[in-house]
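All chains are named by letter (A, B, ...) in the order of the sequence lines, taking the proteins before the strands, and each is independently numbered beginning at 1.
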Amino acid sequence: LAKTTQPISMDSYEGQEVNITCSHNNIATNDYITWYQQFPSQGPRFIIQGYKTKVTNEVASLFIPADRKSSTLSLPRVSLSDTAVYYCLVKNTGFQKLVFGTGTRLLVSP
Amino acid sequence: EAGVTQFPSHSVIEKGQTVTLRCDPISGHDNLYWYRRVMGKEIKFLLHFVKESKQDESGMPNNRFLAERTGGTYSTLKVQPAELEDSGVYFCASSQGDSTIYFGEGSWLTVV
């Protein structure tokens, strides 16, 4: 399974757009990029998943360049409630195991 | 639709005692996973069931941990005897086929 690297922490203010970039240099052909959000004392919550180009849902957008060696999670107009840890994960279609890293701790301030 | 539910949400036991954690996956999900995070560490995979069969148990730390999924529905994770280093949060997750993996809120275990 490909290892991912992402910033340990990020700070932002309410109303700003936040972009969290993740590196996954060893991503394989059958791998998808998946992002989870986790609040304290809760389980990880699925945000978005993509294979290539751009994926958008009601919560976030995911940008994946052609070489797929990195991806960027974009959170539009963050609010205080978006303060959480965000995990970038590589999910293989054949293997169901998710490998969690340290995640990115996002702090949104007023 | 109910999500992944775990019981108990919190448990405090003494070293040497036994604890059994239960997970009810989302209805219809054949895949069931256990993960855990011990203090100061990252979330780690423990094992994966497909229906009642263990597909991958490579993450189970030692033979004090026993996971079962009789009938392919709910699953239990038993720790016997519990040690101090077993303290942490145990997450259960489920999925159908190759689709999104959904996590429960976790069972917080403290061994004293």
In one Ile/Leu/Val/Met/Phe/Trp/Tyr side-chain cluster, 4.5 Å: B/I26, B/L32: no
Hydrophobic cluster membership, B/L77 vs B/L84, 4.5 Å side-chain cutoff: yes
same_hphob_cluster(A/L62, A/I27) at 4.5 Å side-chain heavy-atom cutoff: yes
Which donor-acceptor pairs sit under 3.5 Å apart between chain A and chain B?
from  : atom 1 : to     : atom 2 : distance (Å)
A/Y36 : OH     : B/I101 : O      : 2.5
A/Q38 : OE1    : B/R37  : NH1    : 3.4
A/G43 : N      : B/E105 : OE1    : 3.3
A/Y87 : OH     : B/R37  : NH1    : 3.1
A/K91 : NZ     : B/D98  : O      : 3.1
A/K91 : NZ     : B/D98  : OD1    : 3.1
A/Q96 : OE1    : B/Y33  : OH     : 2.9
A/Q96 : NE2    : B/D98  : OD1    : 3.1
A/K97 : NZ     : B/S58  : OG     : 3.3
A/L98 : N      : B/Y35  : OH     : 2.8

Co-membership, hydrophobic cluster, residues B/V19 and B/F7, 4.5 Å side-chain: no
Spacing of A/L98 atom CG and B/F91 atom CZ [to the nearest 0.5 Å]: 13.0 Å
Single-linkage hydrophobic cluster, 4.5 Å side-chain cutoff, A/V85 and A/L107 together: no
Residue A/F46 excluded, over 12 heavy atoms near CZ under 6.0 Å: yes
